[in-house]
Each structure stands twice: as C-alpha cells, then as structure tokens.
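Values reported hereafter were calculated over all heavy atoms of this structure, with side chains retained and with hydrogens, waters and symmetry mates removed. Letters go in sequence order (proteins before strands), and every chain restarts at 1.
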Number of protein chains: 2
Amino acid sequence: MASAATDLVFRPLEGQDALSLAEGAYRRLRDAIVRGELAAGTKISERGLALTLGISAQPVREALRRLEADGMVLTQPRSGTIVAEFGPDRLAEMGRIRAALEGTAAALAAERADDAALALMEAQLAVMRDATAAADTARLAAANERFHALVHAAAGNAFLLRSLTSLRAYDHFNRVRALESTPKELPKALAEHEGLVKAFRKRDPELAEERMRAHVIRSLRAGGVLKKGKK
Amino acid sequence: MASAATDLVFRPLEGQDALSLAEGAYRRLRDAIVRGELAAGTKISERGLALTLGISAQPVREALRRLEADGMVLTQPRSGTIVAEFGPDRLAEMGRIRAALEGTAAALAAERADDAALALMEAQLAVMRDATAAADTARLAAANERFHALVHAAAGNAFLLRSLTSLRAYDHFNRVRALESTPKELPKALAEHEGLVKAFRKRDPELAEERMRAHVIRSLRAGGVLKKGKK
DNA sequence: CATGGACAACTGCTATAGCAGTTGGCAATC
DNA sequence: GATTGCCAACTGCTATAGCAGTTGTCCATG
C-alpha cells in the first residue's frame with residue numbers, strides 16, 4: 001500500500017520553475033501542511049511521496065530534513081516520518097520565537113540599512129498607506145510581506161534570514177485573519193511600520209528592536225495566536 | 001586534482017558512533033570550521049569530501065545543506081560550495097541572535113519546567129558552585145553546557161532546540177576565553193544562573209527571559225564578542 | 001598581443017538500486 | 001485464550017552512476 005499522502009493533490013508551483021526539485025518538494029509539502037491538507041500524525045514515506053510527486057526519493061528526503069528542522073515533521077530513524085501537531089500552544093511558541101528574531105533583525109537593519117534599502121522600505125510603506133486607505137487586505141498583505149523581507153535582507157545574516165523564512169510559513173495560519181479581524185488593526189499596523197522606519201533612520205537598534213518586537217506580538221494577539229493577558 | 005579539503009586530517013568522533021553518516025559528517029565539518037582548520041573561502045566539493053571521509057556523496061551533501069542553514073558555508077548552485085567568513089561582525093550577530101533565542105527558551109522553560117527538570121538544573125548548579133570554588137574551568141564549562149541544554153529541553157520546542165544547538169557551535173570561538181578572562185567572571189555567571197532558576201521557580205517568563213538575555217549578552221561581552229558600549 | 005570560442009574538467013543535482021534496521025501480523029506453542 | 005517467536009513488508013539510510021550546468025584553460029583567429 002502506498003503512503004496515506006498519496007491521495008493528496010498538490011497544487012502546482014507558481015512563479016519560477018527553475019527551482020531545484022528538492023526546493024520545490026519542500027515548498028509543496030510545507031504549504032500542504034500549513035493548509036491542513038496533511039493532518040497531524042499522517043505518516044509520510046520518502047518513496048511514497050517521491051512517487052506522488054513524480055521525482056526521485058533523494059530530493060524528497062532533503063525536503064523532509066528541512067521540514068524537520070522547521071519543526072513541521074518528526075522523523076524516527078529507520079522507522080518513519082509523521083506530520084507534527086500544531087496546537088494553539090505550538091503556534092504561540094513559534095510566534096514568540098518569531099517576535100524575538102524579527103526584533104534582532106530590526107536591530108541589525110537599523111545599524112546597516114543604507115539609503116537604497118531604506119528607500120525601498122518607504123516605497124512599500126507608500127503602497128501600504130494606499131492599501132490601508134482602500135482597505136485592500138490582499139494588497140496590504142503582499143506589501144507587508146515585502147516590507148518584512150526587506151528588513152530581513154537589510155539585516156544581512158544568512159542564519160537569521162533562513163530562520164525567519166521558515167517561521168513565516170507558520171504565519172499562514174492566521175495571516176489573513178489578523179488583517180481582517182478589526183477595522184482598527186490596519187491603521188495601527190501601518191503606524192507601527194512607519195515608526196519602525198523612523199527608528200531605522202535614527203540608527204537606533206534598541207528602539208527598532210523593541211518596536212519590531214512589540215509590532216509582531218501585537219499582530220499575533222490580533223490574530224488570536226497569543227493570548228491577551230500574556231507577554 | 002582533489003579538493004583543497006582533502007589534505008585535512010579530521011579528528012575521529014568521540015562518544016557514540018551509532019550516528020548516521022550524515023550526522024557524523026556534519027559534526028566533523030562543523031568542528032573543523034570553527035577550529036579554523038578550514039579557512040574561510042576554502043572550496044568544498046561533495047565528491048572530494050566524500051572521498052576524504054570514506055563515505056558516499058549523499059551524506060556529505062546532507063551535511064553541507066545543514067551547514068548552509070547554519071550560515072557556515074555558501075553554496076552556489078551548480079558551481080561550488082565555500083566556507084563562509086567569520087569576522088568579528090558576524091560573530092557578534094550570531095551572539096545577539098543567540099541571546100534572543102536563549103531568552104525565548106528561558107521564557108518557555110519558566111512556564112513549563114516541571115519539578116524534575118528544575119531539580120536537574122539545580123543539580124547542575126551545585127556542580128557549578130563546586131567548580132567555581134575550585135576554579136575548575138573545564139568542569140565548569142561542561143556543567144554550563146548541560147545547564148543550558150536542560151533549559152532548551154524544558155522549553156520543549158523542536159525549532160528552538162535545533163536553532164540553539166546550531167548557534168552553540170559559534171560559541172566555540174570564545175567559550176573558554178570567556179570563562180578564563182576575568183576572575184570575577186566565574187562567580188558572576190554563577191549568580192546569574194542561580195537567579196535564572198529562581199525565576200523559573202517563580203514561574204515568571206518575562207523575568208526569566210530578561211535575565212537569560214542579559215546573562216548571554218554579558219558573557220559575550222566578557223569574551224569580547226560584543227563591544228562594551230553597544231547593546 | 002589581445003580576443004573569442006570550443007573543449008575538457010570540474011561542480012551540484014538527481015535517479016536507481018540495495019542495505020539494514022523497525023514494525024506488525026500470523027502461526028506455533030504454552 | 002494468551003504469549004512468544006518469526007517472517008515479510010515496510011521504513012530511513014547509503015552507495016553508485018550519470019545528468020546538466022559552470023568554469024577555466026588552451027588554441028585558433030583577428
């Protein structure tokens with residue numbers, strides 16, 4: 001019998017297809033997991049998945065190792081790999097980890113971002129102002145993503161970039177929800193982003209770190225990932 | 001001609017040898033890099049390294065992917081892999097990232113550590129008290145390592161554990177240095193550890209996070225990784 | 001001497017095959 | 001009926017071979 005994942009219909013990868021098969025398999029699997037198409041506890045077989053995806057077992061294995069590092073699957077050596085669970089507690093953990101790392105990234109960005117990078121951020125701010133005024137949540141979400149990516153790039157640390165990219169996936173659970181939750185949420189987030197860039201302009205790492213941290217935590221609360229009472 | 005890494009003599013792996021070849025290759029390479037035996041910019045070939053280690057190319061490749069995630073090597077697709085550089089700036093970055101993640105781990109540990117885990121930590125504290133009194137830096141370093149590992153385990157997050165384990169490797173650059181630097185350093189670190197456990201006992205995540213963060217940052221300053229003036 | 005251009009020797013990446021543990025069920029035994 | 005041992009069908013892991021890009025060198029050409 002083939003793996004339980006065999007039945008799954010994976011959505012094709014959009015955008016550039018020049019990716020390696022391992023990278024493609026990683027993204028497909030990651031997306032399938034966060035979308036709930038692969039329930040927690042589902043057994044995953046390297047061979048079975050390779051058959052489903054129409055590729056060899058090696059790239060699949062590589063993808064699974066990355067997912068394991070991301071905390072999305074658990075591998076028992078010589079036994080099997082299963083999809084990890086994503087209860088509220090775990091999502092809250094990942095959110096707090098992300099807040100800490102985003103804060104560090106902001107601190108580094110405040111020290112290093114050059115004028116070109118800051119200009120790009122401000123360009124995204126302009127887009128976000130428009131989208132906020134128009135209440136265009138889809139456009140806003142995209143601009144928000146690009147803004148944070150610019151900060152990560154400005155930080156200029158490979159480990160940090162990689163970690164934050166991995167953590168971003170967990171955000172899919174509540175991203176749209178957070179933006180649509182409250183009418184007050186949109187302008188509040190915009191103001192925080194603007195304050196962030198001001199901190200960058202002032203070259204104030206500590207201020208930038210604290211603001212980014214607070215921003216992420218508050219947005220997580222708005223999405224219900226973090227409880228109101230707790231830090 | 002074989003790779004430049006071929007000449008290297010790798011130290012055998014101590015302890016358990018039941019590890020997978022990929023895991024073994026990862027540790028060997030990581031240690032060789034942090035020890036400076038593989039200079040920055042050194043070209044690494046999957047095949048060449050496999051030949052040197054006497055294993056196949058697949059485990060080597062897997063090790064290199066992990067090292068890339070750790071920020072220790074850079075891989076240009078279809079071109080080559082080289083050892084990354086570790087200037088003072090980069091080490092400072094990694095230290096700040098580690099401080100942030102250790103802080104989050106401490107916060108989670110404060111919420112979840114049960115009596116058994118706390119007892120284990122206090123057992124390590126006792127060892128550290130002895131070692132500090134005897135100025136036995138080697139014993140102290142080992143106990144210190146175990147103590148932090150206990151905190152990471154108590155946090156109970158796979159991603160966090162993996163990340164901190166990776167970051168720990170960077171600490172090799174200055175670990176011994178930090179402990180031997182000042183006579184005042186040892187008792188100071190001990191006091192901080194004790195304060196940390198008290199915060200755990202009080203179930204105060206915010207206090208634990210702040211104390212852990214301050215502890216890591218101060219120890220990094222003692223080792224010269226972070227400048228005195230900066231955060 | 002400077003300049004392309006092709007070829008050979010790399011590189012990372014993927015496919016196939018087979019090894020060695022682990023697991024679960026079925027049959028023989030108590 | 002409960003228990004134990006065994007065997008077949010898995011599992012992740014590793015080895016070998018070959019693909020497809022990239023790179024540098026050497027020779028022909030201007």
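- A salt bridge links Glu23(B) with Arg27(B): the distance from a Lys NZ or Arg NE/NH1/NH2 to an Asp or Glu carboxylate oxygen falls below 4.0 Å.
- Arg211(A) meets the side-chain contact (heavy atoms from CB on, under 4.5 Å) test with Leu196(A), Lys198(A), Ala199(A), Leu207(A); sequence neighbours excluded.
- Neither side chain, His172(A) nor Asp31(A), offers a donor N or O lying under 3.5 Å from an acceptor on the other.
- Rounded to whole Å, atom C1' of dT14(D) lies 15 Å from atom CD of Glu23(B).
- For residues 83-94 of chain B, every residue pair satisfying the side-chain hydrogen bond (donor to acceptor under 3.5 Å, both in side chains) rule, not counting sequence neighbours, is listed here: Arg112(A)-Glu93(B), Asn157(A)-Glu93(B).
- Nucleotide dC13(C) holds its C1' atom 19 Å from the OH atom of Tyr26(A), rounded to whole Å.
- With sequence neighbours excluded, the residues forming a side-chain hydrogen bond (donor to acceptor under 3.5 Å, both in side chains) with Arg146(A) are Gln124(A), listed by chain and number.
- In this structure, the CG atom of Leu21(B) is 12 Å from the P atom of dG21(C), given to the nearest Å.
- Contact check of residues 63-86 of chain B against DNA chain D (heavy atom, cut-off under 4.0 Å) returns Arg78(B), Ser79(B).
- Axis deviation across the helix from dC1(C)-dG30(D) to dC30(C)-dG1(D) amounts to 0°, comparing end segments of five pairs, rounded to 10 degrees.
- For residues 115-126 of chain A, the pairs satisfying salt bridge (charged side-chain N to carboxylate O under 4.0 Å, His left out) are Asp115(A)-Arg201(A), Glu122(A)-Arg201(A), with sequence neighbours left out.
- Not counting sequence neighbours, the partners of Arg139(A) by the side-chain contact (heavy atoms from CB on, under 4.5 Å) test are Val127(A), Asp130(A), Ala131(A), Asp136(A).
- In terms of the side-chain hydrogen bond (donor to acceptor under 3.5 Å, both in side chains) criterion, Ser163(A) has no residue partners (sequence neighbours excluded).
- Within the 4.0 Å cut-off from OP1 or OP2 of dG12(D), not a single side-chain nitrogen or oxygen of Arg61(A) is found.
- Nearer the 5' end of DNA chain D, as judged by each residue's closest nucleotide, is the contact made by Glu62(B), out of Glu62(B) and Arg47(B).
- Glu46(A) has its CD atom 14 Å from the C1' atom of dC19(C), to the nearest Å.
- If you check dC13(C), dT16(C), dA15(D) against the side chain of Ser56(A), the one that comes closest is dT16(C).
- Residue Gln58(A) contributes atom CD, which lies 9 Å from atom C1' of dT16(C) at whole-angstrom precision.
- Qualifying side-chain contact (heavy atoms from CB on, under 4.5 Å) partners for Glu102(A), counting only residues two or more places apart in sequence or in other chains: Arg98(A), His148(A), His152(A), Leu164(A), Met212(A), Val216(A).
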